[in-house]
Amino acid sequence: MPDVVQKQLPLRPAGPDTVAALLEWYDREHRELPWRAKPGRRSDPYKVWLSEIMLQQTTVKAVIPYFLRFIERWPTVEALAAAPRDDVLAAWAGLGYYARARKLHECAQVVASERGGKFPKRSADLIELPGIGPYTAAAIASIAFKEPVTPVDGNVERVTARLFAVRTPLPKAKAELRRLAATLTPEKRPGDFAQALMDLGATVCTPKSPSCLVCPVQPDCAASAKGIEASLPAKTAKAERPVRFGHAFLALREDGHVLLRRRPETGLLGGMLEIPSTPWAEGSSHLVGPQRVAPVRGDWWRVPGDVVHTFTHFRLEIAVHRAIVPVDAELTFWAEPDRCQWVHRRDLDRVALPSVMRKVIQHALKEG
Ligand code: SF4
């Protein structure tokens, strides 16, 4: 019997061969996405910008219907710039992070009015625009204008940490991972390379169970060779999210109108509409005599069960109160009447309400 020879795959450090293998794979396996051009083709900067802003902190699946609606309604950056801000916020509702929608609109206005509707081509100039950070600037510059830069987000950090077996935990490893990703960035097809890394991170080199057996860069992957891929990138333990409490007051007029209030322009959910609520604070949820701070005098009833919503930095628990009030109901000092408006309940779908407030309304109205 001949000896069985165990052949070890040669491990070469990630470099130009890795890039070539990844681009070949991308040509075959790339995801078809509505904002993408075919491999090697020039992408529309407006579509790239819009999709990248939408994709921040949100999944591709969630973004696609929003992207298609935006493009149908506002096919150019000039059209988006000319839209009323409330329409843009309302169309964005559900994607979360409303500050991004406000910046998106502001950016469209700057590009339309100060740059003749053309996005700058270099990442160093793109980053000067509202709402565009280093990642988005690099993504637009590489994908739409072929600048040799690589956008590094969580996906690319993960792939890079594994390719080079970086054991330093995040966030400390960020600078090192950016530097290593930059060493791979090719002069030719940098946009396809960036998108190939995105696709690899989304479909093959996934967070929990990377599919190394079908991975096009497996021969160059240091983590896979060492069998430590599932433990990378290492992460510093996160502190638990604090909990904040609040009380929301849904006043339903006898003619079917609901009282809404516009939130201050700056801060969380800035400029969006809300059901008038107490400030959200840590501590106790107990409120003595909620009627005292209700926006309208009335027979307030606390709806059983609270609404829970998770923001990036805290968890919110809201107690919901409801009252049916007459058509000539007067607003109290607590309502801040200058910022209030009555909207018929059948029109609530069309106004810029954040998801948390849609949950509050649904909860308040579920029993009648
Ligand atoms: Fe990720 Fe495995 Fe590919 Fe390495 S070989 S890049 S760990 S999927």
Side-chain angles (χ1 to χ4, degrees), residues 58 62 65-66 69 84-102 243-265 267-281 285 287 290-312 314-327 329-332 334-368:
T58 318
Y66 283 88
R69 278 201 294 276
R85 196 189 63 169
D86 270 359
D87 288 3
V88 176
L89 289 179
W92 185 275
L95 271 180
Y97 302 92
Y98 296 93
R100 288 200 336 248
R102 287 201 308 278
V243 181
R244 295 187 193 171
F245 301 96
H247 290 256
F249 297 89
L250 185 131
L252 178 62
R253 242 172 32 185
E254 282 165 340
D255 63 356
H257 285 70
V258 171
L259 183 65
L260 299 181
R261 180 168 70 185
R262 189 170 296 280
R263 292 178 63 84
E265 287 301 312
L268 187 69
L269 309 178
M272 303 290 291
L273 292 168
E274 66 171 0
I275 297 299
S277 311
T278 58
W280 303 337
S285 64
L287 185 65
Q291 301 81 349
R292 286 185 309 114
V293 293
V296 186
R297 260 181 282 285
D299 195 5
W300 287 94
W301 169 67
R302 180 164 173 174
V303 183
D306 292 347
V307 167
V308 175
H309 191 82
T310 306
F311 290 95
T312 324
F314 65 95
R315 188 179 124 100
L316 177 65
E317 292 182 12
I318 299 193
V320 179
H321 306 262
R322 190 182 86 182
I324 295 179
V325 300
V327 173
E330 264 187 43
L331 302 187
T332 66
W334 297 103
E336 301 178 63
D338 289 352
R339 296 199 281 121
C340 284
Q341 56 188 280
W342 291 96
V343 174
H344 199 281
R345 56 193 288 187
R346 71 170 165 258
D347 295 327
L348 290 172
D349 278 350
R350 281 185 249 150
V351 296
L353 278 163
S355 309
V356 60
M357 287 300 150
R358 294 203 181 275
K359 281 191 199 171
V360 166
I361 293 170
Q362 206 177 17
H363 186 68
L365 297 180
K366 71 182 174 193
E367 295 181 38

Atom pair OG1/CZ of T278 and F249 - distance to nearest 0.5 Å: 6.5 Å
pair R297-E330: side-chain heavy atoms closer than 4.5 Å: no
Any side-chain heavy-atom pair of W280 and F314 under 4.5 Å: yes
Aromatic plane relationship, H344 with H257 - under 30° parallel, 30 to 60° tilted, over 60° perpendicular: perpendicular
Flag side-chain contact, heavy atom, 4.5 Å: Q341 against L273: yes
Straight-line distance of R261 CZ to I275 CD1, nearest 0.5 Å: 10.0 Å
Minimum side-chain heavy-atom gap V351-D86 below 4.5 Å: no
Atom pair NE2 (H309) and CZ (R315), whose distance is rounded to the nearest 0.5 Å: 11.5 Å
Heavy-atom closest pair, residues M272 and L353: CE-C, 3.9 Å
Main-chain N/O of G305 paired to H363 side chain as donor or acceptor, under 3.5 Å: yes
Atom pair CZ (R262) and CG (L269), whose distance is rounded to the nearest 0.5 Å: 12.5 Å
Beyond-backbone contact of L252 with R345, side-chain heavy atoms, under 4.5 angstrom: yes
Criterion side-chain contact (heavy atoms from CB on, under 4.5 Å) on V327 and W342, from CA distance to verdict: CA-CA 10 Å; V327 173; W342 291 96; over 6 Å; no
D349 vs R358 side-chain heavy atoms within contact, under 4.5 Å: yes
Side-chain touch P276/E336, heavy atoms, less than 4.5 angstrom: no
Residue D299 excluded, over 12 heavy atoms near CG under 6.0 Å: no
CD on E274 to CE on M357, rounded to 0.5 Å: 5.0 Å
Main-chain N/O of A294 paired to T332 side chain as donor or acceptor, under 3.5 Å: yes
Main-chain N/O of A91 paired to R69 side chain as donor or acceptor, under 3.5 Å: no
For R253 against P326, the heavy-atom pair lying closest together: CG-O, 3.5 Å
Beyond-backbone contact of S355 with K359, side-chain heavy atoms, under 4.5 angstrom: no
Separation of D347 CG from L260 CG (nearest 0.5 Å): 10.5 Å
For V88 against A101, the heavy-atom pair lying closest together: CG1-O, 4.3 Å
Expected output: side-chain R322 to main-chain A364 donor-acceptor under 3.5 Å: yes
Any donor-acceptor N/O pair, R244 side chain to L316 backbone, under 3.5 Å: no
